[in-house]
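Below is one structure, written out as structure tokens, with a few remarks after it.
Chain A is the first sequence line, chain B the second, and so forth, proteins listed ahead of strands; every chain is numbered from 1. Predicted, not measured: the structure shown is a model, and the values here were computed from it.
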2 protein chains.
Amino acid sequence: MRVSTRFSDSIHILAFIEIYKNIRLSSEVIASSVETSPVVVRRLMSVLREHGLIDTKQGSVEPKLARKPKDITLLDIYFATEGNKPLFELDKKTNPECIVGGNIQEVLGDYYEQAKIAAQRKLNDTTLQDLIETILVKEKAKQSTK
Amino acid sequence: MRVSTRFSDSIHILAFIEIYKNIRLSSEVIASSVETSPVVVRRLMSVLREHGLIDTKQGSVEPKLARKPKDITLLDIYFATEGNKPLFELDKKTNPECIVGGNIQEVLGDYYEQAKIAAQRKLNDTTLQDLIETILVKEKAKQSTK
DNA sequence: ATTAACTGTAATTAATAAAGTTACAGTTAA
DNA sequence: TTAACTGTAACTTTATTAATTACAGTTAAT
């Protein structure tokens, strides 16, 4: 399996919709920034819409953020694209008759959950607004060295 | 891709070596607990040995932990099996000519790094000893309800 | 000294979930 | 009316993992 870039691409799409809100934002235009196909963009946008992060209108080019960028955290986006998927994978197939094999999934799962929550708390500290502002700062830095 | 269970299986192997240190610990015996093949166990043990977590001897059944269980954290094991692999995947192929595509990898990468470190700090709080003790408690709880 | 059992590792194959692509229905705008 | 769009399903390709096969080297038992 290829590593999933769904989460990162979804953040990209949301940032793009905000930064470029004054241009015509067809899925094809967005796809060229993400360097993927319009269908993939539409698929991701469908997920983002279902989770209340954007509004779209069928047949018409007018995607909009459904919330202000400062009200969308990276964690919101993560839940939209990854749901409750584990951050660290347990081996679901271990020998239940063995002390280790029979107990490790549950024990390790608890520790993994704690680590996952720690990471999620950090994602919850960062808003799409923070990200956009940093992108714009980096871009300006690039322009000033040219 | 099948999800990787390397990290979890490596923890399993280490716990098994400690809990069952008084039996003959061939890779076949360990493999039956993990429910995988001996070759896979040997491959993981090779990695654990390279990272100073176990000692092994070619041709002879005598794997040993190289450190006390209280001196091995889940983070040590994580570094052995996953190295510096990202916890959240960036899309490495975005349009460099676009403000978003050209800057998002670096900006997002920084935020991802912070979330990863938060998770790693939690892994560093837990030792193999903690895990083993919890496994033994859970096992005892099971026995007492029979 | 021989053989069986083991560790160690490389190469090949199989499995899986992701993205990419094709197809087309439904909607909107020109 | 038609072109361009969104939306979604189905199929194909791809990258990454474990499983399997193969075999070299080492050790222990006979």
In this structure, how many angstroms lie between the [atom2] atom of [N] and the [atom1] atom of [X], rounded?
{"X": "Asp55(B)", "N": "dG8(C)", "atom1": "CG", "atom2": "P", "value": "11 Å"}
{"X": "Ile23(A)", "N": "dC5(D)", "atom1": "CD1", "atom2": "P", "value": "13 Å"}
{"X": "Glu89(A)", "N": "dT16(D)", "atom1": "CD", "atom2": "P", "value": "16 Å"}
{"X": "Lys92(A)", "N": "dA18(D)", "atom1": "NZ", "atom2": "P", "value": "15 Å"}
{"X": "Met45(A)", "N": "dT8(D)", "atom1": "CE", "atom2": "C1'", "value": "14 Å"}
{"X": "Glu50(A)", "N": "dG7(D)", "atom1": "CD", "atom2": "P", "value": "11 Å"}
{"X": "Lys93(B)", "N": "dA19(C)", "atom1": "NZ", "atom2": "P", "value": "14 Å"}
{"X": "Asp91(B)", "N": "dG20(C)", "atom1": "CG", "atom2": "C1'", "value": "13 Å"}

Given [options], identify the nucleotide with an atom nearest to the side chain of [X].
{"X": "Arg43(A)", "options": "dA10(D), dA18(D), dA28(D)", "answer": "dA10(D)"}
{"X": "Gln58(B)", "options": "dT8(D), dT9(C), dG25(D)", "answer": "dG25(D)"}
{"X": "Arg24(A)", "options": "dA19(C), dT28(C), dA4(D)", "answer": "dA4(D)"}
{"X": "Val39(B)", "options": "dA19(D), dA22(D), dG7(D)", "answer": "dA22(D)"}
{"X": "Thr56(A)", "options": "dT17(D), dG7(D), dT6(D)", "answer": "dG7(D)"}
{"X": "Ser4(B)", "options": "dA18(D), dA19(D), dA15(D)", "answer": "dA18(D)"}

- [ ] Scan every strand shown for a Watson-Crick or G-U wobble partner of dA14(C), both distances under 3.5 Å, and answer none if you come up empty.
- [x] dT17(D)
Task: Residue matched to dG8(C) through Watson-Crick or wobble contacts both under 3.5 angstrom - done: dC23(D)
TODO: Could you tell me how the ring of Tyr78(A) sits relative to the ring of Phe7(A): parallel (under 30°), tilted (30 to 60°) or perpendicular (over 60°)?
DONE: perpendicular
- [ ] Would you kindly compare Leu44(A) and Ser46(B) by the position of their nearest DNA chain C nucleotide and give the one closer to the 5′ end?
- [x] Ser46(B)
Task: Nearest-nucleotide comparison on DNA chain C, the residue closer to the 5′ end among Gly59(A) and Arg42(A) - done: Arg42(A)
Open item on the list: Can you see whether Glu62(A) engages Ser60(A) through a side-chain donor-acceptor pair at a distance of less than 3.5 angstrom?
Closed with: yes
Open item on the list: Side chains of Ser8(B) and Tyr112(A) only: does a donor on one sit below 3.5 Å from an acceptor on the other?
Closed with: yes
- [ ] Please check if Leu25(B) and Val39(B) belong to a single hydrophobic cluster, counting links between Ile, Leu, Val, Met, Phe, Trp and Tyr side chain heavy atoms closer than 4.5 Å.
- [x] no
- [ ] Calculate, to the nearest 0.5 Å, the distance between atoms CG and OG1 belonging to Leu108(B) and Thr126(A) respectively.
- [x] 9.5 Å
Task: Nearest heavy-atom neighbours spanning Asp71(B) and Asp76(B) - done: O-OD2, 3.8 Å
Please state whether the phosphate of [N], meaning OP1 or OP2, lies under 4.0 angstrom from any side-chain nitrogen or oxygen of [X].
{"X": "Thr36(A)", "N": "dG20(C)", "result": "yes"}
{"X": "Arg49(B)", "N": "dG8(C)", "result": "yes"}
{"X": "Ser60(B)", "N": "dT7(C)", "result": "no"}
{"X": "Ser26(A)", "N": "dA4(D)", "result": "no"}

TODO: Would you mind classifying the nucleic acid contact of Ser37(B) as base, sugar-phosphate or nothing, using non-hydrogen atoms under 4.0 angstrom?
DONE: base
